[in-house]
Amino acid sequence: VQLQASGGGLVQPGGSLRLSCAASGFTLDYYAIGWFRQAPGKEREWVSCISSSDGSTDYADSVKGRFTISRDNSKNTVYLQMNSLKPEDTAVYYCAAEYRICPIATMEKGGYGMRYWGKGTQVTVSS
């Protein structure tokens with residue numbers, strides 16, 4: 001059972017990146033997927049989540065209107081489209097899975113205890 005985040009890189013302010021969270025060893029169909037990020041010296045913070053039950057989405061205020069989460073169950077992958085990137089978006093981004101519904105209260109506290117976690121991917125926004 002594994003989650004793998006990918007798609008990070010170096011981008012200029014105002015640019016875009018699309019992150020992917022791919023699952024192996026289990027199907028994402030029944031899992032909510034959350035994205036988190038952690039910048040150096042800072043606590044891990046939640047970014048976005050998509051549920052499995054109805055595909056509903058939630059976003060942290062800091063990314064609302066700029067980031068879009070989506071899922072393609074046929075590819076067993078969840079995506080995070082990040083537009084209008086800012087230097088403060090620089091962080092290691094992680095994805096995590098929990099059964100069915102986005103555990104917002106848990107995610108707001110850093111997502112500790114969520115069922116599956118992937119290794120992160122570095123996003124650097126700099127000119």
Side-chain angles (χ1 to χ4, degrees):
V1 173
Q2 189 175 3
L3 285 174
Q4 180 64 58
S6 63
L10 173 64
V11 64
Q12 292 187 340
S16 299
L17 282 174
R18 188 177 79 159
L19 305 184
S20 299
C21 175
S24 58
F26 71 106
T27 178
L28 286 182
D29 292 32
Y30 303 109
Y31 288 87
I33 300 297
W35 283 98
F36 295 81
R37 65 187 183 187
Q38 188 166 21
K42 293 189 175 182
E43 296 287 326
R44 187 165 67 199
E45 63 173 349
W46 84 284
V47 174
S48 182
C49 190
I50 185 166
S51 72
S52 71
S53 53
D54 59 2
S56 59
T57 58
D58 287 281
Y59 299 92
D61 288 343
S62 58
V63 305
K64 203 170 290 184
R66 299 188 297 122
F67 291 11
T68 303
I69 191 170
S70 62
R71 63 192 304 148
D72 186 341
N73 288 343
S74 68
K75 296 183 178 179
N76 222 25
T77 301
V78 168
Y79 302 99
L80 185 69
Q81 178 67 43
M82 306 187 297
N83 298 329
S84 303
L85 283 161
K86 305 175 181 180
E88 51 263 44
D89 295 317
T90 295
V92 178
Y93 283 70
Y94 301 88
C95 57
E98 187 52 73
Y99 192 64
R100 288 289 189 185
I101 298 172
C102 293
I104 298 299
T106 296
M107 294 182 67
E108 288 177 340
K109 297 175 184 177
Y112 298 98
M114 286 185 67
R115 190 168 302 209
Y116 303 124
W117 281 89
K119 294 181 180 179
T121 185
Q122 176 71 46
V123 172
T124 302
V125 185
S126 175
S127 55

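If you read the sequence from its start, that first residue is 1, and numbering goes on from there. It should be emphasised that the depicted structure is a prediction, and the values quoted were computed from it without experimental measurement.
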Practice problem: Look only at the side chain of N76 and the backbone of F26, and say whether a donor-acceptor pair between them is shorter than 3.5 Å. | Solution: yes
Self-check item: Main-chain N/O of V125 paired to T90 side chain as donor or acceptor, under 3.5 Å
Solution: yes
Quiz item: Are V1 and V78 connected, step by step, through hydrophobic side chains (Ile, Leu, Val, Met, Phe, Trp, Tyr) whose heavy atoms are closer than 4.5 Å?
Solution: yes
Practice problem: Output yes when a side-chain donor or acceptor of E98 lies under 3.5 Å from a complementary backbone atom of R115, and no otherwise. | Solution: yes
Quiz prompt | Pairs touching residues 65-101 that satisfy ring pair (Phe, Tyr, Trp, His ring centres under 6.0 Å), sequence neighbours left out | solution = Y31-Y99
Exercise. First locate atom CG of L17, then atom CG of D89, and finally report the distance between them rounded to the nearest 0.5 Å.
Key: 10.0 Å
Quiz item: Does R37 reach the main-chain N or O of V123 with its side chain, forming a donor-acceptor pair under 3.5 Å?
Solution: no
Quiz item: Are V63 and M107 joined in one hydrophobic group, where the rule is that I, L, V, M, F, W and Y side chains link up if heavy atoms are under 4.5 Å apart?
Solution: no
Quiz item: Does a side-chain heavy-atom distance below 4.5 Å link Y59 with R66?
Solution: no
Self-check item: Straight-line distance of C95 SG to K119 NZ, nearest 0.5 Å
Solution: 12.5 Å
Quiz item: Does V92 share a hydrophobic cluster with I69, counting links as ILVMFWY side-chain heavy atoms below 4.5 Å and allowing steps through other members?
Solution: no
Practice problem: Indicate whether the side chain of S51 and that of S56 have a donor and an acceptor atom separated by less than 3.5 Å. | Solution: yes
Quiz item: Where is the tightest heavy-atom contact between S126 and P13, given as atom of each residue plus distance?
Solution: C-CD, 3.6 Å
Exercise. Kindly work out whether a path of hydrophobic side-chain contacts (I/L/V/M/F/W/Y, heavy atoms less than 4.5 Å apart) joins V11 to W35.
Key: yes
Quiz item: Take atom CD in E88; do more than 12 heavy atoms of anything else shown fall under 6.0 Å from it?
Solution: yes
Quiz prompt | Hydrophobic cluster identity match, F36 and L3, side-chain contacts under 4.5 Å | solution = no
Quiz item: Considering all heavy atoms of both residues, which atom of A91 and which atom of A39 are nearest to each other, and what is their separation?
Solution: CB-N, 3.8 Å
Quiz item: Between the side chain of N83 and the main-chain N/O of S16, is any donor-acceptor distance below 3.5 Å?
Solution: no
Quiz item: What closest approach, in Å, do I50 and G55 show between heavy atoms, and which atom pair accounts for it?
Solution: CG1-O, 3.7 Å
Quiz item: Would you call S52 and L28 a side-chain contact if the rule is heavy atoms closer than 4.5 Å?
Solution: no
Self-check item: Residues W117, M114; criterion side-chain contact (heavy atoms from CB on, under 4.5 Å); working and verdict
Solution: CA-CA 7 Å; W117 281 89; M114 286 185 67; 3.9 Å; yes
Quiz prompt | S48 side chain vs D58 backbone, donor-acceptor pair below 3.5 Å | solution = yes
Quiz item: Which atom names give the shortest non-hydrogen contact between I33 and C21, and what distance separates them?
Solution: CG2-SG, 4.2 Å
Exercise. Determine the minimum heavy-atom distance between K75 and T77, stating which atoms define it.
Key: O-OG1, 2.7 Å
Quiz item: Is a salt bridge present between K64 and D61, judged by a nitrogen-to-oxygen distance below 4.0 Å?
Solution: yes
